[in-house]
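To keep things clear, I will list the structure first and then write my remarks on it.
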Amino acid sequence: MQDLTEAIVELIRRTSTDLPADVEQALREAREREAPGSAAQGALDTILLNTEMSRRLSRPICQDTGTPIFEVYYPEGWSTRKLAEQIRRAVAIATERAYLRPNAVDAISGENSGDNTGVEFPTIHFHEWDRDELKVDLMLKGGGCENVGAQYSLPYAPLKAGRDLEGVRRVVLDAVHQAQGQGCAPGVLGVAIGGDRSSSYQFSKQQLFRPLGQRNPDPELARLEETIKEQANALGIGPMGFGGQTTVLDVQIDAMHRLPASFFVSVSYMCWANRRRSMTVRGDQVVYG
Amino acid sequence: MIHKLTVPISDEAIRALRVGDQVEISGVIFTARDAAHKYMVEQFIKTGGNPPESERALYELLKEKLNGGVIYHCGPVVVREDGKWRFVAAGPTTSIREEVYQDLVIEHFNVKAVIGKGGMGPRTLAACQKFAAVYLHAVGGAGTLIAERVVEVEDVHKLKEFGVPEAFWQIRVEGFPAVVTMDSHGNSIHAQVAAQSEARLKALVAA
């Protein structure tokens, strides 16, 4: 089996320092919508300038390089144990090279491990698939936005949210209001409907890997994505919570099966520094996306 | 107009600021986040200014440098080159976690400005009003840009105990950009935006 350690370090470098084009484009469009001279437009100017500087200087866009979340799609016959070892080694090397901040601390004592490895850290999920290539998706998810994620169990009386898409709309808007600017707005919402408490949150994060603007193939869910996006922006929270036109860059929803007894809605909030990239390995060739 | 503030900052300079004003800060400031705030309150403030002997040197230093000084909620990415530390990425962290400590720290050390993101609550706002201080919002996520305004890392305290993100980094900044979102006259952009968005949310989920 190939040693992909250095290729994964490069994936981490790109993810930490080079904001994806779709996110940057959405931020540019958001800038145009804010009033000239407003604090909101000033914040977006700073964000766009910072994005260019980070790319040029190959430095982390944000100092909170977050939880590295790896989604690995591998062909039959690969060793997930060896891949996990290579990922953990790559994370430690990327930390040494200052593409990542040492971000893994002991849950109780707070002691920093120093190299971003620890118990269940980084996060790695393996999926075997039927293609003959390996794909690694990486997201760096900061703590500020992770802290404003929310999970609702429907029906939810305080918002009169029932077990239907109208109920989903209500609780997701509530999550955006609760988050205010704390998650580094304008962010992206990944929403999962259904599942159990853990699978639901995980599925909501999976949505954040979708390109911005990609609507759910189900027309009802696609409509809900559009509606919530428009209404979340009507809340007026704005970039950094300064007040303004753009609070979310996009909303991406999907549904999964659930128990008859449970109806969870999970909202994962991704900050504007929406750091997600992928790497595909075909034979000796490594292609970054 | 951009208000240029140099540490130590006077009460008059603070009282002249209003929410929405843009500022640029220069001088020596300290990063401090969760572990550092807990430590300051437990070791310095709750002991009535009589910390254990092992902590006295840091206490004296902070008493001097935070008098008219600035606290920055930040856990940086740093590199060490030729025996010197350098900031690589240094945007603000979420401030609200320090709400239970911040007013005590402002009062005890005579801190004039707290920089962070996301805003703070009523306790901090009251302290800003009473002791002439402001809360300054830096742009969250602007790690590279702000690190460029950190011209020197003078020292670091509690690095081993707290780790890189949580240590007290003593840094000299030039032209550090931020916006006043809580002033010393009882105004908070955060409270205003929260109230407005709550009213709009209520309309969107009515019936």
Side-chain angles (χ1 to χ4, degrees), chain A residues 16-17 39 42-44 46-47 49-51 53-54 56-57 59-65 97-103 105 110-114 142-144 147-148 159-161 169-170 173-174 176-177 180-185 231 234-243 247 271-273, chain B residues 19-22 34-35 38 74-80 86-97 117-119 137-148 160-167 177 179-181 189-190 192-194 196-207:
Chain A
S16 178
T17 66
L44 287 163
T46 301
I47 284 169
L49 180 59
N50 183 71
T51 298
M53 286 175 75
S54 303
R56 181 161 44 83
L57 299 169
R59 291 188 191 154
I61 295 163
C62 177
Q63 74 293 333
D64 184 2
T65 55
R97 294 184 192 165
Y99 302 134
L100 298 177
R101 181 178 71 184
N103 240 3
V105 303
E111 192 188 338
N112 199 311
S113 75
N147 286 349
V148 298
L159 291 166
K160 296 186 189 138
R169 183 188 71 87
R170 285 168 181 250
L173 286 175
D174 182 62
V176 176
H177 165 68
Q180 290 291 306
Q182 309 276 350
C184 278
Q231 295 183 344
L235 293 176
I237 294 162
M240 289 295 131
F242 290 169
T247 301
C271 58
W272 70 259
Chain B
V19 289
D21 285 350
Q22 294 184 63
D34 311 65
K38 184 167 185 282
C74 170
V77 177
V78 296
V79 290
R80 195 161 169 83
R86 181 168 64 82
F87 272 32
V88 174
T93 191
T94 305
S95 298
I96 195 68
R97 298 192 305 267
K117 77 172 174 83
H137 203 298
V139 172
T144 301
L145 187 140
I146 294 172
E148 290 282 298
K160 197 164 180 298
E161 234 173 300
F162 296 167
V164 166
E166 298 279 347
V179 176
V180 180
T181 56
I189 285 183
H190 307 287
Q192 292 163 14
V193 170
Q196 176 197 42
S197 79
E198 186 168 16
R200 292 182 182 173
L201 175 71
K202 279 193 175 140
L204 286 167
V205 301

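Just so you know, these numbers use all the heavy atoms, side chains as well, and skip hydrogens, waters and symmetry mates. Note that the structure is predicted; figures quoted are calculated from it, not measured. Letters A, B, ... are given to chains in the order of the sequence lines, protein chains preceding strands, and every chain is numbered from 1.
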Would you mind checking which part of B:V78 comes under 4.5 Å of any heavy atom in chain A, side chain (CB onward), backbone (N, CA, C, O), both or neither? backbone
Applying a strict 4.5 Å limit to non-hydrogen atoms, the region of A:L57 in contact with chain B is side chain
Residues two or more places apart in sequence or in another chain: which of them pass side-chain hydrogen bond (donor to acceptor under 3.5 Å, both in side chains) with A:T65? none
Options B:I146, B:T94, B:L201, ranked by heavy-atom pairs under 4.5 Å with chain A, top entry: B:L201
Is the side chain of A:Q63 donor-acceptor paired with the backbone N or O of B:G91 at a distance under 3.5 Å, no angle test? yes
Looking only at heavy atoms and a cut-off of under 4.5 Å, which of B:R97, B:Q22, B:Q196, B:E148 has the most pairs with chain A? B:E148
Heavy-atom pairs under 4.5 Å with chain B are the metric here; pick the option from A:G243, A:A273, A:C184, A:G238 that has the most. A:C184
Using side-chain heavy atoms (C-beta onward) and a distance below 4.5 Å, is B:T181 in contact with A:M240? no
By a 4.5 Å heavy-atom criterion (distance strictly below it), what part of B:V193 contacts chain A: side chain, backbone, both, or neither? both
Taking A:G143, A:C62, A:G181 one by one, which has the highest count of heavy-atom pairs under 4.5 Å against chain B? A:C62
Contact origin within B:A90 toward chain A - heavy atom pairs under 4.5 Å: backbone
B:G141, B:P76, B:A138, B:G118: which one forms the most heavy-atom pairs within less than 4.5 Å of chain A? B:G141
Report yes or no: does A:R59 contribute a side-chain atom to a donor-acceptor pair with the main-chain N or O of B:V88 at less than 3.5 Å? no
What residue in B:K117, B:Q192, B:H137 has the most heavy-atom pairs under 4.5 Å with chain A? B:H137
Against chain B, label A:R169 side chain, backbone, both or neither, depending on which of its atoms sit under 4.5 Å from a heavy atom there. side chain
Do A:T46 and B:L145 have side chains that approach each other closer than 4.5 Å (heavy atoms only, starting at C-beta)? yes
Looking at every heavy atom in both B:S197 and A:H177, which two are closest together, and how far apart are they? OG-ND1, 2.7 Å
A:Q180, part contacting chain B, at a heavy-atom distance under 4.5 Å: side chain
Of B:V179, B:V77, B:I96, the largest count of non-hydrogen pairs under 4.5 angstrom with chain A goes to B:V77
Using modelled atom types and a 3.5 Å cut-off, is there a donor and acceptor pairing between side-chain atoms of A:R101 and backbone atoms of B:P165? no
Applying a strict 4.5 Å limit to non-hydrogen atoms, the region of B:R86 in contact with chain A is side chain
How would you list, by chain and number, every residue that makes a side-chain hydrogen bond (donor to acceptor under 3.5 Å, both in side chains) with B:E166, sequence neighbours excluded? B:R33
Check whether A:N112 reaches the backbone of B:V164 with its side chain - one donor and one acceptor, N or O, closer than 3.5 Å. no
Check each atom of A:D174 against the heavy atoms of chain B and say whether the ones under 4.5 Å are side chain, backbone, both or neither. both
Non-hydrogen atoms of chain B under 4.5 Å away: do they reach the side chain of A:F242, the backbone, both or neither? both
Sub-3.5 Å donor-acceptor pair from the side chain of B:T144 to the main-chain atoms of A:P60, do we have one? yes
What distance separates B:R200 CZ from A:I237 CD1, expressed to the nearest 0.5 Å? 9.5 Å
Looking at side-chain heavy atoms only, is the closest gap between A:I47 and B:V139 below 4.5 Å? yes
